[in-house]
Structure formats: structure tokens, C-alpha cells
Amino acid sequence: MTHIEQFLAKATTQAIASLYGIQFPSEQVQVQQTRKEFNGDLTLVVFPFLKISGKKPEDTGNEIGNYLVSNFPELAAFEVIKGFVNVRFSRKFWMEMLHQIFSDVAYGTSISGTPRYVMVEYSSPNTNKPLHLGHIRNNLLGFSVSRLLEATGHRVVKSNLVNDRGIHICKSMLAWKKWGDGRTPESSGEKGDHLVGDFYVMFDKEYKKQIEELVAGGMPREEAENKAPVLLEAQEMLRKWEARDEETLSLWKIMNQWVYNGFDVTYKELGVNFDKIYHESETYLLGKQLIAEGLEKGVFFRKPDNSVWIDLTAEGLDQKALLRSDGTSVYITQDIGTAHQRFVEYPIDEIIYVVGNEQNYHFQVLSLIMQKLGFSWGKNLHHLSYGMVELPEGKMKSREGTVVDADDLIAEMVETARLMSLELGKLDGFSEEDSKRIYRAVGLGALKYFILKVDPRKNMTFDPKESIDFNGNTGPFIQYTFARINSLRNKSAEQTISSSQSLNLSIEMNDKENDLIRNLCQFPEVVKEAAETFNPSLVANYIYDLSKEYNQFYHEYSILKAETPDLVNFRLILSECTGRVISFGMYLLGIEVPERM
RNA sequence: GGUCGCGUAGCUCAGUUGGAUAGAGCAGCAGCCUUCUAAGCUGCGGGUCACAGGUUCGACUCCUGUCGCGAUCACCA
């Protein structure tokens, strides 16, 4: 609830106490935005008061409305329709609100709950192939949530756990050794992560070919899948890696570095970054000690074959393996270890893991295990579980070559933005450098907004055949609105129109202006809500609504040529505040707003 | 089979702790640039909120069941 809504709720509590002699808790007063088709700013729902008043909805509404308007100067008028009281605040009240927003350089930030120190872990790529569209969603979410948390008073450390070891990278390494001819990113001119990814694909082709040959030779498919020579070689390579074989390690380091160089470019393009990078090669052995302690405490148990398990059937889950019978780690073993390590390394209060919803079960288990091991922070391991990005025909499948490559997509978006800018003549008279900066911002803005406007928890569809729009509910629309406002700002500076920066609080505003201010007032609450629910889409949709509202206002009323200097000043300040909110909102999404476009 | 999630306009998505006649954009059609950026604005058409029950003053929202889609339930990561 915004402060304004709280104000009305408390006022209503007072009204009810005075009218009916009963204390109705203000938190339970139902306040909502008045719908567009009715007259008013906020609406009270009177149904909950009927038992208290013992009167009809209309009569109760009128009594409350009358009380409010005659006892609170902020409230100017009311209108009862059925069981709803639409309350209108005074113009002066809104003018003061605008003044507050204008005076607050950090408008939009707030303190949400007790300030915490939060680790946000996102991206988490494998080093055997380049990033794809799914990773883009992950990165954008992680980055935006980090900014949202910072904007609501929390301290954030952004971390990235790179999966740099394992059979997958060995596959790429093996293929490179076999068929690479010493190719490097330098010699081939190919981006390192793509180069390594190519060899991964090469491996897979050969692997499949060998399976077919074995099957044709009469071997059961399942056996063939485990015995294909190229797979055995890769497994042998992994054993060598684990035995710290020098030649293997050296190739591993070289190829991983190619990938990191490639990732760095993509991360930079996306505008995301990290404060701390972890490598699985350094953490994959962690956790065993904690498993041993858990065994002693009786939290875990050992099966006859020596494997270690936890029984979570009481929690409605299953039994989960924590160590193999040969004593080696499984995936969750190291997550147990790394979670613990992080709380030792950093005085953090919680970790937010930005990981796809296919791992819901895993993170449920992880949190439970840590709690059972006696770590109070176990319950503070949050999983920001986001939905898959799907193609119209279904899931992206790397094996079927249907993955949408991150670099390609970014390049396409930027190119589309360039062509569209050209076509619209938007960049006439701009320097090459400026043009480039702008269409890059627009292309990336379109892509980022497209992804972030969707509720993270939901799966979303992306159709590569239809390029992302630049009109309507899109990033460029919002950027354009900002550019318009910025243009006004420049023009007003040129014309030296009243820059007194002080509002005449007694000017009459129109309904559209009133709506805009009311809309602006919601911003901090939207940010807070988005931070608390790890949901950037709330901010995205909010700035879209605001931009739409502003464009209507802009179209309908003249700003620089308004009737009086006071009115010009007021509209400029209103525009300025809108621009700031758009700009900060976009900042929270990690999207640039160009000053011109 | 167990668990979890999803199902809203032709398409992509919104829809607050249950509230008024379920909203945007795209696509389609029709308008608006001698006036602050037309990547804009205005209008029109488009819905069995998967289905069936229940809870109540009121259900897209909560509960139960059914159908459909997806994920997961590995000594994979």
C-alpha cells in the first residue's frame, strides 16, 4: 500500500469509529485505484463495513464519504456507486505530492524491511558452449533483481558459479584434439565460446555416429550409448583431469580461457557483471565434510552399498542421494559445500539462486538439508525459479540446433534497430558514433524489455521468425518517451523558460495531469513489491503504463506553449519527474535510456 | 504413478490481500504530422478467463475434481 492509500485507510478507520463507534483496523480497509471509467483517485470498498453500519451499501458509502470530505482537507470530493466510494483528493494535495517527488533525487528508492546482505547468484554457464536465449533471461533477471534489492536498502553481492569442469568440457577438448588442427580463436577469427561450442557439436555428431554403428553391429542401444569409443575417451580424459594430468589441465585451461573471453564480450553486451566469480573446479569437492558431520548427527544415513542419503519423505519429498557408493560427490554435495562456504566468506544473510524452474526440487532439497544440518540460514536460501524460454514449436534443443544463440540474437536486434532508425530518419544529422550508441541501446532495450516484462515464474514464448517489436508495449516505446521528455528539457533550457524550479501550488491541473501524478506516486511501492517478490516485470509493466499515460498527455496538451508561465513550469516539472521515474525504472531493469532517438 | 507449475482475445502478455462492464500490445480496419520527436496519438472489431462443482454479498483470483501442456521424482549436472 502506498502512503496515500494508507492515509485514506486510516482516515476511513477514523470515519467508522466516529460514525459507528467501532474500531475497524486500517490494514483491513480495502483501498484500490479508482478504475478509469469512474470519477476519483482512490476507491473504498464498503462491503466490509455493512455489518458495522447496519445500512445499505449506498447509505454507508455516503456517510463515510461525507465524513471524509468534511474532516480531511486533502479529500475534495466523493461519489458513491453501488458498494464503492470513489474519493477524489484535492488538486493541491496532488500538487504537493508532485513537489515532493520533484525534490527527492532518490525518488523510487526505499527501505524494505530490515536491510540485508544478499548474494544473488546468476548466469552459471557451462564452459562447453556459448550462451543462448535461456541464459539471457537468467542474466537479465539476476542483474535486475540485484538492482531492485539495492534500491530497497539491501546490500548485494552478485556472484557467478561457472561450471568449468566435467564431462561436457572434456567432450569439447577431445574433439578439438582430434579434429581441431590447432585452431584457435585468433587463427579462425571465431569468438572463443563459439569455437569451443563447435567442437562440442562435433563430438556429439561423432558420438551419435558411433552409436548407430554399434547398434547396426547388433549391440543394444543402451549399451552402445555407454560404450561408444569417443565417449570412453572423453571419460578417460575426465579421469586424467581429476588426476591433475598436466597435458589435460593445460588444454583445459586454454580452452576455458577462450570461452571466458567470449563470455566477457556477451556479458558486456548485455550490460551485466559480477562481484565474485566461482569456479566449480575449485568447489566441486566441497561438501563432503558436511556430509560426514550430518552422518554423525544422524541427519543422513548410509545404505549397505556405502552410499549416503537423506530421507525427506516426512517433508513430502523422496530420499535423495548425497554421496555415491564409491564416496564421490553428486551435484547437490557441492551445492551444500558452496552454500556453506559463502556464508563463511561473506557476512551475508541470504542467497538468491537464479536458476530455471526445472531445478525446483533440487533447491527445495538444498534448503531443507541445510536447515536439518542446523544452519539457521538454510531457510534463507531462495530459489528465483524462472520459466523456460520456449520456441513456438516447444523447448529449445541444442542437439537439434534450435537454440537461439545469445550473440546472434543481440546482433540481430541491434541490426534491426539500425535499419529501423535509418528508415525513420531518426539518426539524420547524428555522428556515426552517436548513431551507433543509440541504435545499440534501442536494439538491446527491445530485447531486454521483451524478456523482463514477462513474469519470471512463467514460461515464455519467443518466435525467432517474428522479430521483437519496437512499437507498443516495448522497450523502445519507453525509451522514446524518455527521449521526448529529454528533448523538452533541452528546448526549455534553450528558450530559458521559467527555470525557477518552484511550483505554484495553486495552479489548476487537468485530469490527465492528476492521473499522471497519481501514477508517479505509485512508483516506490512498485519497486518495493518487485524487490520483495523478485519480479522485475512489475517495474517493466509499470513504466509502460506511465509512458503510455505520458504520451497521451504530451499529445493532448502543449507543454512549452502552455497558457501561463506557471503552467509551463508545472508541466515541465511533471515531465521531468516522469522522465526521472522512467529513467530509474529502466535502470532497475538494466536498460539504457538514450537522450535522443 | 507421486510432487510442483501452467491454461485469459488469432498471437505475445497484464490482471494487486477475492470487488464495479476482464485489460494492453501485436496482427486487421479507419483516422491524426505547416504546431514541443508519428518508435507517437485516436477510434473500430475481437473473450464460455481450459471444463465442472463448491465457498460468499461478490470468484480470472480461494477450495475440490476433470481435461490438456510442461517440469521433476538419477549413485546426471
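For an aromatic pair to be called close, the ring centres must be under 6.0 Å apart, and A/Y331 with A/H362 satisfies this. The six-membered or imidazole ring of A/Y480 lies away from that of A/F477, with a centre-to-centre distance of 6.0 Å or more.
Stem regions annotated for RNA chain B: B:1-7 with B:67-73, B:10-13 with B:23-26, B:28-32 with B:40-44, B:50-54 with B:62-66, counting only runs of 3 or more consecutive pairs of Watson-Crick or G-U type with both contacts under 3.5 Å.
For the pair A/D434 and A/R437, the salt-bridge criterion is met [side-chain N within less than 4.0 Å of a carboxylate O]. A salt bridge links A/R165 with A/E242: the closest approach of a Lys/Arg side-chain nitrogen to an acidic carboxylate oxygen falls below 4.0 angstrom.
Residue A/Q552 places at least one side-chain N or O under 4.0 Å from the OP1 or OP2 atom of B/U42. Residue A/K458 has no polar side-chain atom (N or O) positioned under 4.0 Å from OP1 or OP2 of B/U12. Of the side-chain N and O atoms in A/R324, one or more sit less than 4.0 angstrom from OP1 or OP2 of B/A77. The phosphate of B/G23 (OP1 or OP2) has a side-chain N or O of A/R35 nearer than 4.0 angstrom.
The base of B/A20 sits with one of its N or O atoms less than 3.5 Å from a complementary donor or acceptor on the side chain of A/N86.
A residue-by-residue look at A/F470 and A/K453 shows that A/K453 has its nearest nucleotide of RNA chain B further toward the 5' end. If you find the closest nucleotide of RNA chain B to A/V29 and to A/H362, the one lying nearer the 5' end belongs to A/V29.
For the segment residues 43-59 of chain A, residues with any heavy atom less than 4.0 angstrom from an atom of RNA chain B are, sorted by number, A/T43, A/V45, A/F47.
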Show your reasoning for whether side chain to side chain contact (heavy atoms under 4.5 Å, CB included) applies to A/L572 and A/L560. CA-CA 8 Å; A/L572 275 174; A/L560 297 174; 4.0 Å; yes
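Aromatic ring orientation, A/F462 versus A/F450: perpendicular (interplanar angle above 60°, classes split at 30° and 60°).
Here the separation of B/C57 from B/C73, taken at their C1' atoms, is 44 Å to the nearest Å.
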